[in-house]
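Written out below as C-alpha cells is the structure these notes cover.
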Amino acid sequence: MTAPVRFPRFFVTSPAPCPYLPGRSERKVFTELKGPNSDELNDALGRIGFRRSQTVAYRPSCVECTACVSVRVVADAFQPSSTQKRIWKRNCDLVVNVCRPWSTPEQFELLQRYLAVRHPGGGMATMDEIDFADMVEHSPVKSYVIEYREPTDDGSVGRLVGACLADEQGDGLSMIYSFYDPQHETRSGLGTFIILDHIQRAARVGLPYVYLGYWVEGSERMQYKVRFRPMEKLGRDGWERFEPAEQADAIERAVAPRQRDVNSGSVEGSLKDGVHGAQDRYVHS
C-alpha cells in the first residue's frame, strides 16, 4: 500500500514595496520545502514559476501587476551573441570548481565587495557571515556553489573572482544567486560569463534549461536576462519561446539603460530574486 500524497500548504505574504518597479507593491505566494520529497516538489514548483529562498519556494502573486515573468534559457539550442562570445573568450581560462553548498570566508568577502558596488544600501548590505551561511547552506534540495578562480602558473589555488549558488532540478539548473568581483582590473562581463558557463554545463549533462528567475519589463536592472537566446517565458498557457523579433526588440530596449548603468558603474544583476531578508517575510499567518 502506497503512502498518501501530502500536498503542500501555500501562504501569501502581506503587500510590501516592490523592489523592481517604483510606486508599486508586491505580494508573494509561498510554501515550505521540507521532507523526503523536497527535490520533487522544488522541481514541480520550478516548472510553474517558483523560485527557492533557503527552505521556501515562492512566486509573485501581485493583485494588479504581472510584470515579473519567469524566464529560462534553452541550453542545447543556445546561440551566443558576438558580445557573449567575446566575454567567453576573455574569461574561459578561469578555473571552475563545483563545490558542496558550504559557505567560506573567501566567498563572503567577495560577496561584500560585490554588494558594496552593486547594492550599496540595499537589503543585503547588512548581511553578516551567519546570514550568508544560512543563504548557502539551508537548502533541502540538490544544490551547489560553483566557484570561478583565476588560473595560476604553479597550479595553486587562484583568486576567487565569482561564485554562484545553483540548484540542480530535474529539467535544468536554477541560478539562485551569483556574485563576482565588480571592479576586476582586467576582466569584465563576469556576471554574463557565469550564466554562459551554466548554459554550457546544463547542455553537457543533458539538462534542457537554465532558469534565470524573473525578467521584469520596465526594470532596467533586470534587462540583462533577456539577452540570452533562445529563451522561453512562462505565461498563462505555459512555457513559450520568445519570438525572435520580440526578443530582439526587448534586447534593443535593454541596451540603452545598460549603457547608462555601465557609465555609472552598475551593470547586470544589480537586483536579484530572493534577496537576503526575504526569509523573514515568509511567516505563516
Side-chain angles (χ1 to χ4, degrees), residues 1-13 28-61 68-76 78 96-104 107 131-147 163-179 194-195 197-214 225 231-234 238-239 272-276 278-284:
M1 181 177 179
T2 59
V5 175
R6 172 173 286 182
F7 290 97
R9 296 177 63 197
F10 290 89
F11 306 88
V12 178
T13 63
K28 294 177 180 176
V29 60
F30 69 96
T31 189
E32 289 182 285
L33 295 170
K34 61 181 181 179
N37 298 316
S38 294
D39 277 296
E40 291 83 353
L41 177 58
N42 192 48
D43 285 358
L45 293 176
R47 288 192 288 271
I48 56 174
F50 278 74
R51 297 283 288 166
R52 185 180 68 82
S53 175
Q54 297 181 34
T55 59
V56 164
Y58 70 91
R59 64 172 291 173
S61 181
C68 292
V69 178
S70 295
V71 292
R72 63 189 187 186
V73 184
V74 184
D76 61 358
F78 175 67
V96 184
N97 295 306
V98 180
C99 310
R100 65 192 180 109
W102 191 257
S103 63
T104 67
Q107 293 168 5
D131 296 324
F132 176 64
D134 287 344
M135 183 179 80
V136 173
E137 298 170 16
H138 285 188
S139 171
V141 301
K142 190 174 184 179
S143 302
Y144 312 99
V145 173
I146 302 180
E147 294 186 338
C164 182
L165 174 64
D167 292 348
E168 182 178 322
Q169 298 179 180
D171 64 348
L173 299 178
S174 178
M175 298 181 66
I176 303 301
Y177 197 90
S178 62
F179 52 96
I194 291 173
I195 296 175
D197 177 69
H198 278 70
I199 294 170
Q200 287 208 6
R201 189 173 301 277
R204 282 200 303 269
V205 298
L207 294 173
Y209 304 112
V210 172
Y211 288 84
L212 298 184
Y214 302 115
K225 296 184 180 184
M231 174 171 282
E232 293 183 355
K233 59 181 178 177
L234 182 61
W239 291 94
K272 301 284 190 178
D273 307 324
V275 296
H276 165 65
Q279 193 78 5
D280 296 336
R281 296 187 57 206
Y282 302 126
V283 178
H284 299 177

Roughly how far apart are [X] [atom1] and [Y] [atom2], rounded to 0.5 Å?
| X | Y | atom1 | atom2 | value |
| --- | --- | --- | --- | --- |
| Glu168 | Ser143 | CD | OG | 9.5 Å |
| Met175 | Leu212 | CE | CG | 6.5 Å |
| Tyr211 | Ser70 | OH | OG | 9.0 Å |
| Ser53 | Asp134 | OG | CG | 10.5 Å |
| Cys164 | Leu173 | SG | CG | 9.0 Å |
| Tyr144 | Leu165 | OH | CG | 12.0 Å |

Which pair of non-hydrogen atoms, one from [X] and one from [Y], has the smallest distance, and what is that distance?
| X | Y | result |
| --- | --- | --- |
| Val210 | Ala202 | CG2-CB, 3.8 Å |
| Ser103 | Glu137 | OG-OE2, 2.8 Å |
| His198 | Ala166 | NE2-CB, 3.7 Å |
| Phe10 | Leu45 | CZ-CD2, 4.0 Å |

With a 4.5 Å cut-off on side-chain heavy atoms, are [Y] and [X] touching?
| X | Y | result |
| --- | --- | --- |
| Asp43 | Asp171 | no |
| Glu32 | Pro8 | no |
| Val74 | Tyr209 | yes |
| Tyr214 | Arg59 | yes |
| Ile195 | Lys225 | no |
| Phe30 | Ser61 | no |

Examine distances only and state if a side-chain atom of Thr13 and a backbone atom of Lys28 form a donor-acceptor pair shorter than 3.5 Å. yes
Spell out, as yes or no, whether a donor-acceptor pair under 3.5 Å connects the side chain of Asp167 to the backbone of Ile176. no
For the residue pair Tyr177 and Phe179, categorise the inter-ring angle as parallel (less than 30°), tilted (30 to 60°) or perpendicular (more than 60°).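 Tilted: the ring planes of Tyr177 and Phe179 meet at 30° to 60°.
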Non-neighbouring partners of Pro140 that pass side-chain contact (heavy atoms from CB on, under 4.5 Å), sequence neighbours left out: Leu33, Ser38, Arg52, Thr55
Check the pair Asn42 / Phe50 against side-chain contact (heavy atoms from CB on, under 4.5 Å), numbers first and verdict last. CA-CA 8 Å; Asn42 192 48; Phe50 278 74; over 6 Å; no
Looking only at the side chains, is there a donor atom on one of Arg72 and Ser174 sitting less than 3.5 Å from an acceptor on the other? no
How far apart are the C-alpha atoms of Arg47 and Gln169, what are their side-chain angles, what is the distance that settles it, and do they pass the side-chain contact (heavy atoms from CB on, under 4.5 Å) test? CA-CA 10 Å; Arg47 288 192 288 271; Gln169 298 179 180; 5.7 Å; no
